[in-house]
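Below: one structure, written as structure tokens.
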Amino acid sequence: MSRYSAAEIEAKWQEAWDKAGIFHAARSEDRPKYYVLEMFPYPSGRIHMGHVRNYTMGDVIARHKLATGHNVLHPMGWDAFGMPAENAAMASGGHPRDWTYGNIDDMRAQMKPLGLSIDWSREFATCDPEYYGQQQALFLDFLEKGLVYRKNAVVNWDPVDMTVLANEQVENGRGWRSGALVERRELTQWFFRISDFAEELLEALDTLDNWPAKVRLMQENWIGKSRGLQFSFARTDGGDPIEVYTTRPDTLMGASFIGISPDHPLAKELAEQNPEVAAFRAECARGGTTEEALETAEKLGFDTGLKVRHPLDPDWELPVYVANFILMDYGTGAIFGCPAHDQRDLDFARKYGLCVKAVFEEFGSYHDDAIPDSEFAGNPVFLKDLGPGPNGGSVLKKFFRITNTAFVPPKTETVRYVNGFAGQEHQTGEHAIDAAIDFCEANGVGQGVTNYRLRDWGLSRQRYWGCPIPVVHCEACGVVPERKENLPIALPDDVSFEVPGNPLDRHPTWRDCACPACGAPAQRETDTMDTFVDSSWYFARFTAPRANTPTDMAEAAYWMNVDQYIGGIEHAILHLLYSRFFARAMHICGHLPEKCKEPFDALFTQGMVTHAIYVTRDENDRPVYHFPEDVEVHESGARLGATGEDVEVVPSAKMSKSKKNVVDPVNIIRDYGADTARWFVLSDSPPERDVEWTAAGAEAAHKHLSRVWRIATGIAGANTDEAATPEADEALLREMHKTIHEVTGGLESFGFNAAIAKLYGFTATLARSEAGQDARRRAARTLAQLMAPMTPHLAEEVWSMLGGEGLVANAPWPEADPAMLIEDTITLPVQINGKRRAEISVPRDADKSEVEKSALAVDAVARMLDGAQPRKVIVVPGRIVNVVI
RNA sequence: GCCCGAGUGGUGGAAUGGUAGACACGACGGAUUCAAAAUCCGUUGCCCUCGCGGGCGUGCCGGUUCGAGUCCGGCCUCGGGUACCA
């Protein structure tokens, strides 16, 4: 072979790994275990560059851990239930099952050439009856432990197709197929009691040290713990009082109206008597159910004519509105509006001509060492902290004064003091809120309660292609759980998708069954489970994928937890929170050990792979998208290859089929090889950031790998030491140890791009080195080892041509000699007033005064000083010198 | 709307509060070649300057600091999530 041929090399080494069986995971006490997992793919049919990036990252970790003596578990499976399979069946006939398994076969075939170190013997799809049957067993256990229940909840209802729509199927408030205005409609559905775990899920976030802070913060905000006041407003007509929850009881004296949700029992009651209320409720029911749609919709209110009394002042009457922006799911479904201190309430008050009454006002901003004490005299005050300065610098704070003193908290002193005057606390008004709650409780007006934003998890889906919920509805016995020996309750095969809606609902025989309790004719539940359920425990199933119970406790105890989980940031909240809940629920039911309550020890969220979008317009000015391979890009612009038509280039968006801005990894692997694709997706961009695919980048990666191959071939074939010097040997080995150090550090901290940059540098050093044969062979073998996690095939080839023993995949990871990392002389920059003006060379262990002396002696510094003394000299050992003049 | 991120040369990006632009792409120049491809060597943030050298520079406006891409406050733009996309 005279040049780098990825095709030959890659097939050869994949076969060698297979034969050696080195990726097969089995329990063993002789090595520490390491479980690395990438979020499993949805089988759309084609792998995309995002998959390549995700699985390559996991593979780098897995291979590195294997080389450092770990017993590695690195499995792969398929998140196989979901809407696209049904959509495909509707669009082009066929069966969702055939479509899904066909896609899995295609994707597996596309994935295998990547050379991933996966234990394929553990593969499963969530649509395998063996998997979802165990999921049904979990459901029954959850049911028994009271972790599942039924209640009403709203869905998007398409009144033309008479079906439930997913949020994705609602476009601008209309059904995507029928175009009908979507309505919100209540259905009885199954729920997991995740909100019972709100506090635990919140508190445990603090233990997840190896999760990104942003993910923990997002989950914290999602759980949304708040402390507020729950109290009631008495109605002037003598009806039942209206129960209200507020997180801002400090603004109670600014109340101007009461708002209730259109789904509030009172609103329903009024609608029965008053057609106008009914009409308003119907208006509010239009549109989708997403929080975004509700929050951004125009704020609408309806004056019920009812009045309530202010709890602190019985003579003060407030109007009651039904308002579309109030959620029945949060708090009590009723609020009081304080327009002076809430933008949404202010908009509402202006629209409906309600009064605006301020409770407090800003009266100044001060640094914390400059607050005039007189400002506090007799005023209840709280403050807003504008942030501490660094290094103990002064803190700018804004001060507010309570102006409406109809209720003055008796603890004025406390309010003032705890609010940060003492310089310890920096929280906006929190203490004023606490004081208000204390005051209200002392006066018999409601009580302080803790509330969570987190809602229970609705798992019912009115769709075919999902895990059937294993219960039966019996006229006599009610809801009856299936017997475990009847599991799996398998989906029927004979279904059609010509009529909209759930085929299970109209299946002639599947639906009818005998009641497991009394044997009378009964009907199966036709709802299936949310696909998030499937992905909430697959990681545990991988530890014993063929067990005839959901998990095998011995296997789970050995392999769990997942040591490193890798996936997209888009899963930061739902998937990860549901999995955390499931792990707890499974523990309660005896399917996971206690230590698995937090199943993912470390989490890494990767960025997306993006590509420019190429657009032309049709005769109606609608966009027409084009694949990158159909477009010629020139400096002057882009044109369609076929017609020469000008193409508009929209920069960098997430790759998606509908925009056609996709690059097929299969083509890249065919043209350049898997190692090139792997090397490219790890190069340049930090893994947490989005990366743009460019053809030039892939080309460059391939050139580099060819170069490494050429250099290694040269070294393997050389047998003279023409220009060798001991100094060259020393220099090369020093660089080698530095490279080992930096690459190892990079791999252990997801600094793949930095590790690769270092490897570029080391390759150049090796190419130019005049070191002797032994040193060069050693350096090249080490290069192969360091590259092996990223480009495993090329690394094996280089390793073997240089006489490495066995497979490089199995070779112990090289260690850096600390003595080789330290230089005797270091170069320090010298700044004058913070601007770099010169450099000095000093011994590594020079003390501060020596460094200062040589810095002041430098020409540029002496010139600037002109004989004067510097005002200050800052020496940061090993870092920098700053001379202040 | 709300929550969470990101923004640095022509491009992708590097930089524990300490030399901004490592490494790579592209571009330009050179070597090699009959020629080309491939390969190798060099230059390359912007502006002023023959040069020496100087000025400006990390989305925008302020602040803290001897020193800010990095910390703080306020914005802008883009991206992710927003509970039935997965």
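Excluded from the calculations below are hydrogen atoms, water molecules and symmetry mates; all remaining heavy atoms, backbone and side chain alike, are included. Worth saying up front: this structure is predicted, and the values here are computed from it rather than measured.
Comparing B:rC47 with B:rU82, their P atoms sit 46 Å apart, to the nearest whole Å. Comparing the same atom, C1', in B:rA36 and in B:rA31 gives a spacing of 15 Å after rounding to whole Å. Look at the P atom in both B:rG9 and B:rU58: the space between them is 9 Å, to the nearest Å. Taking atom C1' on both nucleotides, B:rC25 is separated from B:rC3 by 37 Å, rounded to a whole Å. Going from the P atom of B:rG10 to that of B:rG57 covers 15 Å, rounded to whole Å. Taking the C1' atoms as reference points, B:rC66 lies 16 Å from B:rC71, given to the whole Å. With both ends at atom P, the span from B:rU70 to B:rG59 equals 8 Å, rounded to whole Å. When the C1' atom is used for both B:rG12 and B:rG7, the distance is 14 Å, rounded to whole Å.
Although no hydrogens or angles enter the test, the distance criterion places a donor-acceptor pair under 3.5 Å between the side chain of A:Arg184 and the main chain of A:Gly288.
Within the 4.0 angstrom heavy-atom criterion, no nucleotide atom of any strand lies near A:His704. Counting any heavy atom pair closer than 4.0 Å across all strands shown, A:Gln189 reaches a base atom. In this structure, A:Pro686 reaches the sugar-phosphate backbone alone: every heavy-atom distance under 4.0 Å involves primed, P, OP1 or OP2 atoms, never a base. A:Phe532 comes within contact range of at least one nucleobase, with a heavy-atom separation under 4.0 Å. Residue A:Arg837 is classed as a sugar-phosphate contact, given heavy-atom separations below 4.0 Å to backbone atoms only. Residue contacts for A:Lys758: at a heavy-atom cut-off of 4.0 Å it reaches no nucleic acid atom on any strand shown. A:Leu454 comes within contact range of at least one nucleobase, with a heavy-atom separation under 4.0 Å. Note on A:Leu217: only backbone sugar-phosphate atoms sit closer than 4.0 angstrom, heavy atoms only; bases stay farther off. Within 4.0 Å of A:Val164, counting heavy atoms only, lies at least one base atom of the nucleic acid.
Considering only the side chain of A:Arg689, B:rG13 comes nearest among B:rU19, B:rG13, B:rC3. Here B:rA86 is the nucleotide among B:rG18, B:rA86, B:rC84 with the atom lying nearest to any side-chain atom of A:Tyr42. Side-chain atoms of A:Met218 lie closest to B:rC4 of the nucleotides B:rU82, B:rC4, B:rU19. Among the nucleotides B:rC84, B:rG55, B:rA83, the one closest to the side chain of A:Arg455 is B:rA83. Closest to the side chain of A:Val876, out of B:rA14, B:rG1, B:rG18, is B:rG18. The A:Glu291 side chain lies nearest to B:rU82 when the options are B:rU82, B:rU19, B:rC84. For A:Tyr760, whose side chain is taken as the heavy atoms from C-beta onward, the closest listed nucleotide among B:rC23, B:rC85, B:rG55 is B:rC23. The side chain of A:Lys872 lies closest to B:rC66 when the candidates are B:rC23, B:rA20, B:rC66. Checking B:rA24, B:rA86, B:rC4 against the side-chain heavy atoms of A:Ala700 singles out B:rA24 as nearest. Closest approach to the A:Asn156 side chain among B:rA83, B:rG13, B:rC84 is made by B:rC84 (side chain taken as heavy atoms from C-beta onward).
Of the N and O atoms on the side chains of A:Trp465 and A:Thr531, not one donor lies less than 3.5 Å from an acceptor on the other residue. In this model, a donor atom of one side chain and an acceptor atom of the other lie less than 3.5 Å apart for A:Gln219 and A:Arg580. Between A:Asn753 and A:Ser685, the side chains place no donor N or O within less than 3.5 Å of an acceptor N or O (distance only, hydrogens not considered).
Using a 4.0 Å cut-off between charged side-chain N and carboxylate O, A:Lys151 and A:Glu186 make no salt bridge.
Across all strands shown, B:rA31 is found opposite B:rU39 as a Watson-Crick or G-U wobble partner, with both distances under 3.5 Å. The base-pairing partner of B:rG17, taking Watson-Crick or G-U wobble contacts with both distances under 3.5 Å, does not exist among the strands shown. The base-pairing partner of B:rG26, taking Watson-Crick or G-U wobble contacts with both distances under 3.5 Å, is B:rU44. Both distances falling under 3.5 Å, in either a Watson-Crick or a G-U wobble arrangement, place B:rC75 opposite B:rG59. With both pairing distances under 3.5 Å, B:rC2 is matched to B:rG81 as a Watson-Crick or G-U wobble pair.
The shortest distance between side-chain heavy atoms of A:Met787 and A:Val708 falls below 4.5 Å. Between A:Val154 and A:Arg185 the shortest side-chain heavy-atom distance does not fall below 4.5 Å.
For the pair A:Thr290 and B:rU82, the criterion of a side-chain N or O lying under 4.0 Å from OP1 or OP2 is not met. A sub-4.0 Å separation between OP1 or OP2 of B:rC66 and a side-chain N or O of A:Asn833 is absent. Note on A:Ser683: every side-chain N or O is 4.0 Å or more away from OP1 and OP2 of B:rA24.
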Atom pairs under 3.5 Å, N or O on each side, protein against nucleotides 41-44 of chain B: can you list them with distances?
| from | atom 1 | to | atom 2 | distance (Å) |
| --- | --- | --- | --- | --- |
| B:rC41 | OP1 | A:Arg768 | NE | 3.1 |

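No donor-acceptor contact under 3.5 Å links the side chain of A:Glu292 to the base of B:rG81. For A:Asp684 against B:rG12, a side-chain N or O and a base N or O form a donor-acceptor pair under 3.5 Å. Residue A:Asn882 places a side-chain atom within donor-acceptor reach of the base of B:rC66, judged by atom type and a 3.5 Å distance cut-off alone. At a cut-off of 3.5 angstrom, counting only N and O atoms as typed in the model, there is no donor on one side facing an acceptor on the other between the side-chain of A:Arg3 and the base of B:rU39. Donor-acceptor pairing under 3.5 Å, judged by distance alone, is absent between the side chain of A:Arg871 and the base of B:rC66. Side chain A:Gln462 to base B:rC84: a donor-acceptor pair is found below 3.5 Å.
Between A:Asn167 and A:Val884, it is A:Val884 whose nearest contact on RNA chain B lies nearer the 5' terminus.
Rounded to an integer number of Å, the gap from A:Glu295 CD to B:rU82 C1' is 10 Å.
Scored by the ring-ring contact (aromatic ring centres under 6.0 Å, His included) test, A:Phe532 finds A:Tyr578 as partners (sequence neighbours excluded).
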